[in-house]
Amino acid sequence: ALENAPFSAFVFKSIFDQVSIAEVMMYSGGSSPCHLGILLSSLSLIVDLALVHDHASYLALFAREGVGMTLIHAAIAAMMGVLGVFARRIILAAEGTAERERARSEALLTRVFPRAIARRLKHGGKVAAERYGDVSVLFCRVVGLEQRGGPVEQLALLRELFAAFDDLCVVHGVEKIKSFGESYMVASGVPEPQADHAERLAALALGLRAAGTGLGARLGVRLRVGMHSGPVVGGVLGSRRQTFDLWGDTVNTAQRMEAHGVAGEVQISQVSFSKINHRFVCAVREPIELKGKLAVRTYLLRGLLAEAGR
């Protein structure tokens, strides 16, 4: 044991130098500061002697009359105190790491799913298909992308555009559902009801149109936007890379509003128009033919009423 004493003492002294008397007091049987100071000083002396390989002095110190057992007890008490401090530090560090990982997981969930859906998944719940009676859905398509270089350049362009769209969704309090190819899908009033869902999405649509005029023009593309309101079914798909998606005629109609729209414009349905015309200015279009439907009347969103009156 004595042959290993210098190395053991060196390791212990490295630890010992990092703790304070106040910390050690918590784990040394309630010793008084004065008594504990004597114990720690004694331990430090033992360590110092061992570090210089002075085994004779090391043994003599323990054998000194009236001091031997006291010094050993001092060393044990101080060592237990130091170990207690470091055990607590290790536990706190582990708890901190676990808390950071939990926060990171929650942040990732809320970036992938709407907040209400993320809360359910976090607590182990399953999100079955649910009906949402009154929501608004918007599709935005990037027009002219095929003329902007190869796949790498196109992907970089979409990344820049869609990042700007993501920020706009946060500003207007609506939910990005997904992006696919050159299209971007957004919904409002789902999964949590919003009485002003159509107005929120109309405001977003104007923001997208402005982005198309500014950022889109700089990148050499245009945006075509379509919007419709009505009931949908929503749910989580997949067991590994899960996604939250929407289905139903409202979704199909919103996509057709975009597909039959005009580049640089926002086309909305009669239903959406009836929900926002008290706040927004719209221009009526001639009825258009939609797949599976009769000719329907649509409108081009122009702006807010307050802005139109200036």
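Positions are given from 1 along the sequence.
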Apply the test salt bridge (charged side-chain N to carboxylate O under 4.0 Å, His left out) to residues Arg302 and Glu265: give CA-CA distance (whole Å), side-chain angles for both, the deciding distance (0.1 Å), then the verdict. CA-CA 8 Å; Arg302 293 305 187 198; Glu265 298 284 359; 2.9 Å; yes
Using the rule given for side-chain hydrogen bond (donor to acceptor under 3.5 Å, both in side chains), can you reason through His228 versus Thr250, listing the C-alpha separation, both sets of side-chain angles and the distance that settles it, and then say yes or no? CA-CA 6 Å; His228 181 54; Thr250 298; 4.6 Å; no
Check the pair Phe280 / Leu305 against side chain to side chain contact (heavy atoms under 4.5 Å, CB included), numbers first and verdict last. CA-CA 5 Å; Phe280 294 85; Leu305 278 174; 5.9 Å; no
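The residues Glu182 and Arg224 are annotated as not salt-bridged, no charged nitrogen and carboxylate oxygen being separated by less than 4.0 angstrom. Taking 4.0 Å as the cut-off between side-chain N and carboxylate O, Asp134 and Lys275 count as a salt-bridged pair.
Contact between Leu208 and Cys140 at its shortest, heavy atoms only, is CD1-CB, 4.2 Å. The minimum heavy-atom distance between Leu246 and Ala187, with the atom names listed, is CD1-CB, 3.6 Å. Of all non-hydrogen atoms in Arg148 and Gly144, the two that sit nearest each other are CG-O, 3.5 Å. Considering all non-hydrogen atoms of both residues, Ile276 and Ala202 come closest at CD1-CB, 3.9 Å. Across all non-hydrogen atoms, the minimal contact from Cys282 to Ile268 is SG-CD1, 3.8 Å. Across Ser229 and Val271, no two heavy atoms sit closer than the pair O-CG1, 3.5 Å.
Side-chain heavy atoms closer than 4.5 Å link hydrophobic residues (I, L, V, M, F, W, Y) into clusters, and following such links, possibly through other members, connects Val232 to Phe180. Linking Ile, Leu, Val, Met, Phe, Trp and Tyr residues whenever their side-chain heavy atoms come within less than 4.5 Å leaves Met257 and Tyr184 in two separate clusters. If you chain together hydrophobic residues whose side chains sit under 4.5 Å apart, Leu155 and Phe165 never meet in one group.
With a 4.5 Å cut-off on side-chain heavy atoms, Arg141 and Leu223 do not count as touching. Using a 4.5 Å heavy-atom threshold, the side chains of His260 and Gln267 count as touching. Side-chain contact check for Val142 versus Leu158: some heavy-atom pair is nearer than 4.5 Å. Between Val137 and Val190, the closest side-chain pair of non-hydrogen atoms is not below 4.5 Å. Between Leu219 and Glu160 there is a side-chain heavy-atom pair separated by less than 4.5 Å. Residues Leu204 and Leu201 have side chains in contact (heavy-atom distance under 4.5 Å, counting atoms from C-beta outward). Using a 4.5 Å heavy-atom threshold, the side chains of Val266 and Leu300 count as separate. Side-chain contact between Tyr132 and Pro231: absent, with no pair of heavy atoms (C-beta onward) separated by less than 4.5 Å.
With values rounded to the nearest 0.5 angstrom, Arg209 atom CZ is found 6.0 Å from Leu301 atom CG. The CD atom of Glu258 sits 9.0 Å away from the CG atom of Leu138 when rounded to the nearest 0.5 Å. Separating the CG atom in Leu206 from the NE2 atom in His172 is a distance of 8.0 Å, to the nearest 0.5 Å. Here Cys169 contributes atom SG and Phe162 contributes atom CZ; the two are 11.0 Å apart, rounded to the nearest 0.5 Å. Taken from OG in Ser188 to CD in Glu199, the straight-line distance is 9.5 Å, to the nearest 0.5 Å. One distance of note links OH of Tyr299 with OG of Ser272; it measures 11.0 Å at 0.5 Å rounding.
More than 12 heavy atoms of other residues, nucleotides or ligands sit less than 6.0 Å from atom CD of Glu146. When the shell of 6.0 Å around CZ of Arg131 is examined, it contains 12 or fewer heavy atoms from other residues, nucleotides or ligands. With a 6.0 Å radius and a threshold of 12 heavy atoms from other residues, nucleotides or ligands, Arg200 has its CZ atom above the threshold.
The side chain to side chain contact (heavy atoms under 4.5 Å, CB included) test with Arg256 is passed by exactly one of Val296, Leu290, Thr298, Val251: Leu290.
Distance alone, capped at 3.5 Å, places no donor-acceptor pair between the Gln147 side chain and the Gly220 backbone.
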